[in-house]
Amino acid sequence: MIYLVDPRRLELLLELSRLGSMREVGEAMHVTTSTVSQQIAALALEAGTPLIEPDGRRVRLTPAGRRLAGHAVTILAAVEAARRDLDPAAPPAGTVRVAAFASAFRQVLLPVARMLAGRQPEVRLRLLEQEPDEALGLLAADEVDLALVYDYNLAPARFGRGPHSRQLHSRLLGPTPWSLGTPSGPGPRGTAVEVFRRYRDEAWIVNSRNTADEEVIRVVASLAGFEPQITQRADSLDLVQDMILAGLGIGLLPAGRPVRGVALRRLRQPEVIQRSYAVTRRGHAAWPPLALVLRLILQTAGP
């Protein structure tokens with residue numbers, strides 16, 4: 001069985017399958033005929049089976065030799081692709097696996113995917129919609145190359161303090177102010193504490209797959225002196241908005257989100273700020289396809 005194969009020997013075997021003469025292979029590959037013979041013999045020893053047999057004054061591949069030559073096409077193509085991927089001077093090429101929360105999916109990754117299709121089609125994205133804890137778990141397991149995650153100023157991220165924190169490197173993409181979404185109409189003004197206090201008896205809507213916004217709501221509600229009644233959970237902002245319109249409760253929404261029939265109550269003192277991050281495994285961001293995707297993400301998410 002072959003465990004490690006010298007790609008040069010596979011190249012010689014592949015040329016021999018095409019030319020049928022060790023002398024012609026030597027001329028094509030700029031080596032002596034004896035070198036070709038020695039390398040093919042060494043490859044046969046590694047394979048544990050004869051790869052060539054006499055054919056008059058020439059040679060031909062055995063059935064095992066033909067099978068290995070067929071594999072050589074794939075193996076040598078993969079070696080060349082890996083060489084291009086790792087060559088900093090070569091154009092980026094490869095598939096970048098990204099896990100991201102839904103808003104980043106729409107606002108950042110889809111524009112980046114369109115840019116890549118137009119400028120660098122050899123770099124492809126494989127996208128997964130995931131909440132931060134899920135995305136970071138995939139990143140720690142090396143099942144994705146990049147995680148787009150978020151936290152809030154009032155509920156700082158745990159990924160900086162977990163068991164895998166030393167393996168990860170994060171880049172801040174930008175802050176987004178959030179408001180309290182309520183049915184439209186006159187409402188309270190003042191600090192976040194005063195706004196929350198006005199809605200102390202309402203039902204509250206929080207994320208079903210992440211606890212960060214629930215932590216924010218509990219922090220501000222505690223400052224306002226009450227325990228929020230959390231009765232609804234949904235991880236889609238569109239669904240949260242529809243639930244508010246249906247009178248099922250109130251919840252946090254991005255301050256700049258266009259809404260119809262929902263009032264966005266400004267929150268200040270304290271503000272509620274969502275912070276987005278691009279997180280990679282430490283040392284991996286230099287891989288050219290990932291470096292390109294990160295650069296485009298920073299351009300798209302920037303001010």
Practice problem: Might you point out which heavy atoms bring A285 and L290 nearest each other, and give the distance in Å? | Solution: CA-CD2, 3.9 Å
Exercise. Give a yes or no answer on whether the side chain of S37 reaches the backbone of S34 with a donor-acceptor pair at less than 3.5 Å.
Key: no
Exercise. Examine V219 and I230 and state if one hydrophobic cluster contains both, with Ile, Leu, Val, Met, Phe, Trp and Tyr joined whenever side-chain heavy atoms are less than 4.5 Å apart.
Key: no
Quiz item: Just how far is it from atom CD of Q120 to atom CG of L296, taken to the nearest 0.5 Å?
Solution: 9.0 Å
Practice problem: Given side chain to side chain contact (heavy atoms under 4.5 Å, CB included), test L116 with L292 step by step and report yes or no. | Solution: CA-CA 9 Å; L116 288 173; L292 173 61; 3.8 Å; yes
Self-check item: Atom of P289, atom of G94 and distance for their closest heavy-atom approach
Solution: CG-N, 4.2 Å
Quiz item: If you look at every heavy atom in T33 and R23, which pair is closest and at what distance?
Solution: OG1-CA, 3.5 Å
Quiz prompt | Exercise: identify the closest heavy-atom pair between A104 and L148 | solution = CB-CD1, 4.0 Å
Quiz prompt | side chain to side chain contact (heavy atoms under 4.5 Å, CB included) partner of V36, chosen from L13, L16, V31 | solution = V31
Quiz item: What is the minimum heavy-atom distance between P270 and A192, and which atoms define it?
Solution: O-CB, 3.4 Å
Exercise. Could you tell me whether R126 atom CZ has more than 12 heavy atoms of other residues or ligands within 6.0 Å of it?
Key: no
Quiz item: P92 and V123: which non-hydrogen atoms are nearest, and at how many Å?
Solution: O-CG2, 3.5 Å
Practice problem: Please answer whether the main-chain N or O of R60 pairs with a side-chain N or O of R66 as donor and acceptor at a distance below 3.5 Å. | Solution: no
Quiz item: Under a single-linkage definition using a 4.5 Å side-chain heavy-atom cutoff for Ile, Leu, Val, Met, Phe, Trp and Tyr, are L298 and F105 assigned to the same hydrophobic cluster?
Solution: yes
Self-check item: Contact check, side chains of V59 and I40, non-hydrogen atoms, under 4.5 Å
Solution: no
Practice problem: List the steps and the verdict of side chain to side chain contact (heavy atoms under 4.5 Å, CB included) for L245 and V262. | Solution: CA-CA 7 Å; L245 282 170; V262 173; 3.8 Å; yes
Self-check item: Salt-bridge criterion met for R18 and E15 (N-O under 4.0 Å)
Solution: yes
Quiz prompt | V259 with L252, same ILVMFWY side-chain cluster at under 4.5 Å | solution = yes
Quiz prompt | Same apolar cluster: L128 and L168, side chain cutoff 4.5 Å | solution = yes
Quiz item: What distance do L139 atom CG and Q130 atom CD have between them, rounded to the nearest 0.5 Å?
Solution: 12.0 Å
Exercise. Write out all pairs satisfying side chain to side chain donor-acceptor pair (under 3.5 Å) with one or both partners inside residues 247-269, taking only residues at least two apart or from two chains.
Key: T182-R265, Y199-R265, D238-R257, Q241-R257
Quiz item: Side-chain contact, heavy-atom cut-off 4.5 Å: L239 with I205?
Solution: no
Quiz item: If you measure from the Lys or Arg side-chain nitrogens to the Asp or Glu carboxylate oxygens, is any gap between E215 and R218 under 4.0 Å?
Solution: no
Quiz item: Is R198 salt-bridged to E194, going by a charged N under 4.0 Å from an acidic O?
Solution: no
Practice problem: Apply side chain to side chain contact (heavy atoms under 4.5 Å, CB included) to L68 and T49, showing your working. | Solution: CA-CA 11 Å; L68 184 55; T49 186; over 6 Å; no
Quiz item: Can you check whether I297 reaches L109 side chain to side chain, under 4.5 Å on heavy atoms?
Solution: yes
Quiz item: Taking T211 for the side chain and E214 for the main chain, is one N or O donor matched with an acceptor at less than 3.5 Å?
Solution: no
Quiz item: Does some side-chain heavy atom of H284 sit less than 4.5 Å from a side-chain heavy atom of H169?
Solution: no
Quiz item: After noting the C-alpha distance and the side-chain angles of T176 and Y150, does the key distance pass the side chain to side chain contact (heavy atoms under 4.5 Å, CB included) rule?
Solution: CA-CA 10 Å; T176 302; Y150 66 86; over 6 Å; no
Quiz item: Relative to the ring of W204, is the ring of F226 parallel (under 30°), tilted (30 to 60°) or perpendicular (over 60°)?
Solution: tilted
Practice problem: Determine, using the 4.5 Å side-chain heavy-atom cutoff (strictly less than), whether L51 and L76 are members of one ILVMFWY cluster. | Solution: yes
Quiz prompt | Option among T191, I250, I217, L223 that satisfies the side chain to side chain contact (heavy atoms under 4.5 Å, CB included) test with F196 | solution = I217
Practice problem: Scan for side chain to side chain donor-acceptor pair (under 3.5 Å) pairs involving residues 97-110, sequence neighbours excluded, and state none if there are none. | Solution: R97-D145
Quiz item: Does CD in E122 sit with more than 12 non-hydrogen atoms of other residues, nucleotides or ligands closer than 6.0 Å?
Solution: no
Self-check item: Side chain T62, main chain P50, donor-acceptor under 3.5 Å
Solution: yes
Quiz item: Any side-chain heavy atom of M29 within less than 4.5 Å of one from E11?
Solution: yes
Quiz item: Does any donor atom in the side chain of Y152 or E271 lie under 3.5 Å from an acceptor atom in the other side chain?
Solution: no
Quiz item: How many angstroms lie between CD in Q232 and CG in L248, if you round to the nearest 0.5 Å?
Solution: 5.0 Å
Quiz item: Could you give the distance from CD (Q39) to CE (M22), rounded to the nearest 0.5 Å?
Solution: 11.0 Å
Exercise. Would you indicate whether the side-chain heavy atoms of E202 and Q229 approach each other to under 4.5 Å?
Key: no
Quiz item: Are side-chain heavy atoms of Y277 and L173 found at a separation under 4.5 Å?
Solution: no
Exercise. Measure the CG-CD distance between N210 and E131 for me, rounded to the nearest 0.5 Å.
Key: 5.0 Å
Quiz item: Do the side chains of R281 and Q167 get nearer than 4.5 Å, heavy atoms only?
Solution: yes
Quiz item: Can you tell which of D151, L267, V272 makes a side chain to side chain contact (heavy atoms under 4.5 Å, CB included) with V216?
Solution: V272
Quiz item: Going from CG on L14 to CG on L19, what distance comes out if it is rounded to the nearest 0.5 angstrom?
Solution: 9.5 Å
